Participant: 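Okay, handing you the structure first.
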There are 2 protein chains.
Amino acid sequence: MGIELKIQPLRYVLAVWEEGSFHGAARQLHRSQPALSMAIRDLEERLGQPLFEKSLKGQLTPFGEYCLPRFRELIRQHDRLARDLQHVAHGQQGRVTLATVPSVASRLMPGFLAAFIAEYPDININLHDENAEFVCRMVANGEVDLGISSVWAQDEHLSYTHLFEDNIGVVLHRDHRLANRDSLQWHELEKERFIANGTSRLLKNTAAASLVDNNDFYISNMISLLAMLEAGSGITTLPRLAFPVDNRKLCFVPLSEPKLVRQIGIIKPANRSLSPSAQALERVILKRLTGVTGWPA
Amino acid sequence: MGIELKIQPLRYVLAVWEEGSFHGAARQLHRSQPALSMAIRDLEERLGQPLFEKSLKGQLTPFGEYCLPRFRELIRQHDRLARDLQHVAHGQQGRVTLATVPSVASRLMPGFLAAFIAEYPDININLHDENAEFVCRMVANGEVDLGISSVWAQDEHLSYTHLFEDNIGVVLHRDHRLANRDSLQWHELEKERFIANGTSRLLKNTAAASLVDNNDFYISNMISLLAMLEAGSGITTLPRLAFPVDNRKLCFVPLSEPKLVRQIGIIKPANRSLSPSAQALERVILKRLTGVTGWPA
DNA sequence: AATAGACCATAAGCATAGCTTATCAAAAGT
DNA sequence: ACTTTTGATAAGCTATGCTTATGGTCTATT
């Protein structure tokens with residue numbers, strides 16, 4: 001192999017040429033003059049040719065003139081790379097892809113992302129909304145950097161950072177006989193027409209499993225589901241976060257005894273680390289949830 | 001300013017990735033494993049982000065994957081530059097421009113250049129032929145790297161390396177009454193019709209000055225000059241090297257008492273050094289003139 | 001399970017690269 | 001002739017970059 005050029009001596013050569021003297025360059029670079037003399041002499045020996053004339057000091061040899069623009073170019077490329085990597089490493093540049101369950105995407109992410117782009121304006125964001133199972137799968141497959149979801153299943157390859165608990169409750173028409181209660185128990189719903197939805201799987205293997213086990217209604221689309229409920233055609237369960245805040249015809253009554261919650265947290269790959277920009281997003285989310293604001297609106 | 005990347009640790013990262021392990025890379029690079037560990041840890045700290053996963057060793061982090069191709073690119077550019085500069089420094093690549101007097105260009109340069117391109121096939125050559133004065137001017141102005149000529153005038157900015165002496169003699173027709181002499185003296189030519197040429201200025205300020213001072217013939221073009229002489233229309237003087245070896249109608253008779261010579265040598269700029277390729281050409285010329293061959297044919 | 005082997009991290013020690021200050025010699029300005 | 005400015009050189013210090021030795025962890029093997 002050939003020789004190994006170090007970046008620093010190349011800078012020295014450049015500075016000497018610009019300043020026209022070793023002393024001037026040394027002053028500019030906050031180095032002593034012998035430092036430059038020695039570094040440049042070493043470089044000249046490595047190359048096998050002097051770069052500066054021995055008589056008219058500060059003047060380049062023809063070989064030096066050949067080298068100078070090439071030195072400048074390598075330095076330029078080095079500096080560009082160093083700056084770029086710094087930016088990326090500090091999460092000031094790059095791309096985050098994340099997947100969340102729809103309720104988080106519509107209720108929490110707008111706030112999170114507003115805060116995020118305020119702090120990191122040059123990061124591109126890619127947000128998918130999927131059900132909890134799919135969110136976990138996408139994280140596990142590396143299709144997204146991170147997810148916000150309830151834990152779907154214990155998975156070796158996923159790590160879970162808890163954010164908050166989301167109460168599960170009954171959604172029913174305001175005119176319903178149970179609508180004004182502070183809380184409800186499962187057995188009070190046995191006679192109601194239950195419409196299952198995508199979040200109903202949260203009831204499986206719980207005390208309330210019977211609600212969803214034997215029924216014929218299932219509506220995955222949230223708009224359709226709400227329309228059914230608004231028409232008074234039945235009741236359903238939803239996590240509180242999934243219940244639209246501004247709905248006038250429906251109300252949300254928490255269930256109790258046993259109280260049922262879904263755990264919402266950040267899903268990350270267990271064995272890989274996050275990209276710097278994903279780390280930045282995670283920091284922003286954690287700060288907003290554990291900071292002064294406390295519980296999200 | 002940002003950080004300063006060194007080339008070597010980047011190579012380490014690349015090798016670890018290629019080998020899939022620190023140990024393997026260390027073996028390949030003839031370094032100990034801790035050397036890599038420490039160098040890479042240092043790099044990671046400078047960047048502010050780990051490049052390799054802390055759990056699955058030898059695996060890149062997303063940030064590492066971002067960095068890897070960029071590292072490779074910088075290394076590639078570094079190596080290309082290093083190789084290029086090595087070539088140029090050792091005169092194995094580049095361009096030489098030189099100027100010589102016509103006699104040297106036609107009689108000596110073919111041999112010199114043949115030897116030169118055999119040894120340095122990748123150097124471009126640029127050969128000008130001009131009179132001695134102009135050769136010196138071109139060297140002084142930096143229009144050419146070096147010249148081969150007689151010294152025209154003492155010049156601060158030029159350095160002269162002597163190569164050989166070139167006898168000046170009379171050129172006349174074979175049928176001329178003086179044609180068979182071993183040597184001639186100036187006064188024997190007084191009655192002859194003298195045709196001056198570009199080299200006649202060599203006679204100025206010598207014992208033979210009178211020959212050129214009062215005459216009406218001057219022919220600068222060598223072909224025309226020789227045609228005149230072959231027609232028996234006069235005589236001239238030439239340095240021996242300028243006299244065509246294979247001419248059948250003319251002959252060359254050296255002048256003596258005082259013997260007159262021109263000094264031929266290499267003209268270089270005094271204060272600038274030569275480009276590496278020009279140095280290489282100079283070496284070849286000196287070797288051929290001082291080597292076994294001795295006097296040129 | 002226990003053990004051996006492979007891997008990476010850490011610690012201690014050493015050579016040298018890269019800088020400093022001090023001094024010298026040469027050239028340029030006064 | 002003298003002062004100033006410049007680059008080279010010498011001696012010395014510190015940090016870098018390596019080494020060997022050792023310890024901890026994970027995986028594969030028995």
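Because the structure is a prediction, the values reported are computed rather than measured. Quick note on labels: first sequence line is chain A, next is B, and so on, each numbered from 1.
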Participant: Output every pair passing salt bridge (Lys or Arg N to Asp or Glu O under 4.0 Å) with a member in residues 261-281 of chain A, not counting sequence neighbours, ordered by first then second residue.
Facilitator: A/D166-A/R262, A/K268-A/E282, A/R272-B/E65
Participant: Could you give the CG-to-P distance, from B/L36 to C/dC7, as a whole number of Å?
Facilitator: 13 Å
Participant: Need to verify one output field. Residue with the more 5' nearest nucleotide on DNA chain C, B/R41 or B/R27?
Facilitator: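 By nearest-heavy-atom nucleotide position, the 5'-most residue is B/R27.
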Participant: Restricting both atoms to N or O, compile the protein contacts to nucleotides 4-6 of chain C shorter than 3.5 Å, with distance only.
Facilitator:
none

Participant: Within less than 4.0 Å of OP1 or OP2 of D/dA8, is there a side-chain N or O belonging to A/S37?
Facilitator: yes
Participant: Verify salt bridge (Lys or Arg N to Asp or Glu O under 4.0 Å) between A/E119 and A/R283, making sure each step is shown before the conclusion.
Facilitator: CA-CA 11 Å; A/E119 197 168 344; A/R283 276 198 306 276; over 6 Å; no
Participant: Closer than 4.0 angstrom, basic N to acidic O: yes or no for B/R80 and B/D84?
Facilitator: no
Participant: Can you tell me the distance, in whole Å, between the NE2 atom of A/H23 and the P atom of D/dT9?
Facilitator: 14 Å
Participant: Write down the distance between NZ (B/K54) and C1' (D/dC26), rounded to a whole number of angstrom.
Facilitator: 16 Å
Participant: Where does the angle between the aromatic ring planes of B/Y66 and B/F63 fall among parallel (under 30°), tilted (30 to 60°) and perpendicular (over 60°)?
Facilitator: parallel
Participant: Whole Å only: how far is the CD1 atom of B/I7 from the P atom of D/dT16?
Facilitator: 18 Å
Participant: Do A/S277 and A/Q93 get their side chains close enough for a donor-acceptor pair, meaning under 3.5 Å?
Facilitator: no
Participant: Return the value, rounded to whole Å, for the distance between atom CD1 of B/I40 and atom C1' of D/dC18.
Facilitator: 15 Å
Participant: Quick check: does any side chain N or O of A/N131 sit under 3.5 Å from a backbone N or O of A/E133, one acting as donor and the other as acceptor?
Facilitator: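 Yes: the side chain of A/N131 pairs with the backbone of A/E133.
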Participant: Could you give the CZ-to-P distance, from A/F52 to D/dT6, as a whole number of Å?
Facilitator: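 Answer to the nearest Å: 15 Å.
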Participant: Please determine whether a side-chain nitrogen of the Lys or Arg among B/E44 and B/R41 lies less than 4.0 Å from a carboxylate oxygen of the Asp or Glu.
Facilitator: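 A salt bridge is absent here (no side-chain N lies under 4.0 Å from a carboxylate O).
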Participant: To the nearest Å, give me how far apart CZ (B/F22) and P (C/dC7) are.
Facilitator: 13 Å
Participant: How many Å lie between CD on A/E45 and P on D/dA8, as a whole number?
Facilitator: 12 Å
Participant: Please encode protein proximity along nucleotides 12-30 of chain C as a string of B, S and -, counting only heavy-atom distances under 4.0 Å.
Facilitator: ------SBBBB--------
Participant: Side chains of B/E165 and B/Q263 only: does a donor on one sit below 3.5 Å from an acceptor on the other?
Facilitator: yes
Participant: Assess whether a salt bridge exists between B/R70 and B/E73, defined as any Lys/Arg side-chain N lying under 4.0 Å from an Asp/Glu carboxylate O.
Facilitator: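 No.
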